[in-house]
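Below: one structure, written as C-alpha cells.
Whatever order the structure lists them in is the order used to number ligands and atoms, beginning at 1. Not measured: the values here are computed from a predicted model.
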Amino acid sequence: MTSAAPQDGARLRIGVAGASGYGGAETLRWLATHPGFEVCGVTSRRNAGRPVTAVHPHLAGFYDDLVFVEGPRELLAARPDAVVMGLPHRHAAAYAHALRAIAPELRLVDLSGDHRLDDAGLYRAHYGADHPHPEQLTSGAWEYGLPEANRTALEDARLVANPGCFATGALLAALPLARRGLITGAVRHVAMTGSSGSGIEPKAGTHHPERAGDVKAYKVLAHQHTPEVVLCLSRAGLDRATPWWMVPQSGPLARGIFTTLFVDLPPGTTEDAVRAAFAEEYADAPFVRLRDGTPRIAHVRGTNFCDVSVTVAEGIAVVLAAIDNLGKGMASQAVQNLNLMFGLPETSGLLVPGTRP
Ligand SMILES: NC(=O)c1ccc[n+]([C@@H]2O[C@H](COP(=O)([O-])OP(=O)(O)OC[C@H]3O[C@@H](n4cnc5c(N)ncnc54)[C@H](OP(=O)(O)O)[C@@H]3O)[C@@H](O)[C@H]2O)c1
C-alpha cells in the first residue's frame, strides 16, 4: 500500500461537487470533524456565491466562511487533493471527465451510478440513457468502493465508484455467502428505503403526505442497483448468471434502508456454519456489526455502520441488514474510501454511535 497522506501533519484538501444536495451535505457533515481532511471547495450551480450555511443551516459553526462556487474549474482553483461528486448519474461522468481533463492526477469518489458497471449496454438498460464516456466502464480505472469487498484495491485507488445505497445493504448481506459458495439458486431481495434516497428536490413520490403513512413497491425486478450487486458478487465467486430478484419498497421514513435476503443454501448447511461464515468474513470489518436479533434503522442512523443478522431454517438463510442510505449507503462510505485512498486509518473520523429511537 502506498500512503498519499501528507507527512507534515497538514490536512488533505477535499472538494465536494454537488454540495447543495443530500449526498454533498452529508459528506460535509462527516468531513466537518475529520482529523485528516479539510473541505477546500464546494459547488452548486444554483447557489454559487451563497454561503454553505445559508443552504445547510445544520452545518453552522463548521463552515461559516465557505461559499459555493459554480463548476469544475472554480472547484479546482481551491487545489483539492480529492473531490467527492454528489451529482445525478450521466452528469457525474461528464463532470469527472471535465475535472480530469484539467487535473489528471486528481483523486475522485463518485457517489453516482456512472462508474460502477463494466458494460455500456448494461448501463443503458438500467439507467435509461447512453453513458457519456462509455470507455470509462471498461477502462479498469475505477475501483468499486465497498471496502468490505475490495479493501486492498482501494488502498491504491485514484478513482472510486461509491456503491449504490441498496447495493451496499445487499452486498454486505450476501458477501460471506457468495465467497463460500453458499448461494445455490436465485436470490430474493426485498429492501425498504427512506425518502432521502430520492435526493433533495421535492418530487411527487417523496412529498410528505404521499409518503408519510404509506408503503409501496417500485421498480419491481428492475432496479438499477441489481447489476452492480451481481457484478460485485461475481468477483467474490458467485456465478454472474445467478438470478437476482429485487423488490424495492419506499417506506415512511426519511433515512435508512432495511434489507431482507432469502438465500437457498447447500443441503445440510447449519445456522452455526452460516453464522461462522459471517463472523469470519467481517472479523476485520469495523463497520459491520453482527446482531443476534433484528437490525434496526435507528441503531445505524447517522452512522457508517451496517448491522446484520442471519437466521437459517428449512434450507434457506434469511439475512437482514440495516444501513443509513446517506451514511454507509453513501457519504460516510465515501469518507471510508477516502481514508483508504490516502493511507489513513479506515475508521478515521467515522466512529460515532447510532441512535435509539
Ligand atoms: N440519496 C441517496 O440516498 C443516495 C445514496 C447513494 C448514492 N446516491 C447517488 O448520489 C448522487 C447524488 O444524490 P443526492 O441524493 O445527493 O442528490 P441531490 O440531493 O438531488 O443533489 C444533487 C446535487 O447535484 C447538483 N446537480 C444537479 N444536476 C447537476 C448538473 N447537471 N451538473 C452539476 N451539478 C448538478 C445539484 O446542485 P445544483 O443544481 O445547485 O448544481 C445538487 O447539489 C446521485 O447520483 C444518487 O443516485 C444517492
Next item on the list: Would you kindly say whether Gln136 and Arg100 are connected by a side-chain donor-acceptor distance under 3.5 Å?
Entry: yes
Note to self: Can you confirm whether or not the ring centre of His189 sits under 6.0 Å from the ring centre of Trp245?
What the structure shows: no
Does ligand 1 have any N/O atom under 3.5 Å from a protein N/O, and what are those pairs and their distances?
residue	atom	partner	partner atom	Å
ligand 1	1 (N)	Ser196	O	3.0
ligand 1	3 (O)	Asn325	ND2	2.8
ligand 1	10 (O)	Leu111	O	3.4
ligand 1	16 (O)	Tyr22	N	3.4
ligand 1	16 (O)	Gly23	N	2.7
ligand 1	19 (O)	Tyr22	N	2.9
ligand 1	19 (O)	Ile200	N	2.9
ligand 1	24 (O)	Gly86	O	3.4
ligand 1	28 (N)	Arg45	NH2	3.1
ligand 1	31 (N)	Arg45	NH1	3.3
ligand 1	31 (N)	His91	ND1	3.1
ligand 1	37 (O)	Ser20	OG	3.0
ligand 1	39 (O)	Arg45	NH2	2.7
ligand 1	39 (O)	Arg46	NE	2.9
ligand 1	39 (O)	Arg46	NH2	3.1
ligand 1	40 (O)	Ser44	OG	2.6
ligand 1	40 (O)	Arg45	N	3.4
ligand 1	40 (O)	Arg46	N	3.1
ligand 1	40 (O)	Arg46	NE	3.4
ligand 1	41 (O)	Arg45	N	2.8
ligand 1	41 (O)	Arg45	NE	2.9
ligand 1	43 (O)	Gly18	O	3.1
ligand 1	43 (O)	Ser20	N	3.4
ligand 1	43 (O)	Ser20	OG	2.6
ligand 1	43 (O)	Gly21	N	3.0
ligand 1	45 (O)	Leu87	O	2.7

Note to self: If only side-chain N and O atoms count, and only distance matters, is there a donor-acceptor pair under 3.5 Å linking Asn339 with His34?
What the structure shows: yes
Next item on the list: Taking atom types as modelled, find out whether Tyr282 and Glu148 have a side-chain donor-acceptor pair closer than 3.5 angstrom.
Entry: no
Check: Does the pair Arg46 and Glu201 meet the rule for a salt bridge (Lys or Arg N to Asp or Glu O under 4.0 Å), with working shown?
Finding: CA-CA 13 Å; Arg46 286 176 292 176; Glu201 287 297 316; 3.0 Å; yes
Give the table of side-chain donor-acceptor pairs shorter than 3.5 Å for residues 75-93, with sequence neighbours excluded, one pair per line with atom names and distance.
residue	atom	partner	partner atom	Å
Asp81	OD2	Arg13	N	2.7

